[in-house]
Amino acid sequence: MKNNTLTPRQLMLSPNVLAYDLGQIPTPEKIENTKIATYVLIGVLVTMTLGLISYRVYEIHQDNKSKKLNYV
């Protein structure tokens, strides 16, 4: 079994600060960075989806346009 000894400074810390110090729970900064990364990722996915939908609608429009010209 692993014996973890705390430093005197760590013994004086409050439990939540000690947990941050030991890396057992994420710090507020890490949580904020994770949120920002999530929002950026969602934004990129939404942008790509809208781009693909727009391109497909454009292709369908071009196909319909060429079909109309062929019938005349």
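Just so you know, these numbers come straight off a predicted model, no measurement behind them.
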Side chains of Glu32 and Thr27: closer than 4.5 Å at any heavy-atom pair?
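Not in contact.
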
Side chains of Ile60 and Asn64: closer than 4.5 Å at any heavy-atom pair?
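Yes, side chains in contact.
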
In the hydrophobic cluster built from side-chain contacts under 4.5 Å, what are the other members alongside Leu52?
none

Straight-line distance of [X] [atom1] to [Y] [atom2], nearest 0.5 Å:
| X | Y | atom1 | atom2 | value |
| --- | --- | --- | --- | --- |
| Leu18 | Leu6 | CG | CG | 6.0 Å |
| Leu22 | Leu13 | CG | CG | 8.5 Å |
| Lys68 | Asp63 | NZ | CG | 13.0 Å |

Sequence neighbours left out, what passes side chain to side chain contact (heavy atoms under 4.5 Å, CB included) with Ser14? Give chain and number order.
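Result, side chain to side chain contact (heavy atoms under 4.5 Å, CB included) vs Ser14: Asn16, Val17.
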
What is the minimum heavy-atom distance between Pro26 and Tyr20, and which atoms define it?
O-CE2, 3.2 Å

Run through Val40, Val44, Thr38, Leu45 and flag the one making a side-chain contact (heavy atoms from CB on, under 4.5 Å) with Ile42.
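Considering Val40, Val44, Thr38, Leu45, a side-chain contact (heavy atoms from CB on, under 4.5 Å) with Ile42 is found only for Thr38.
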
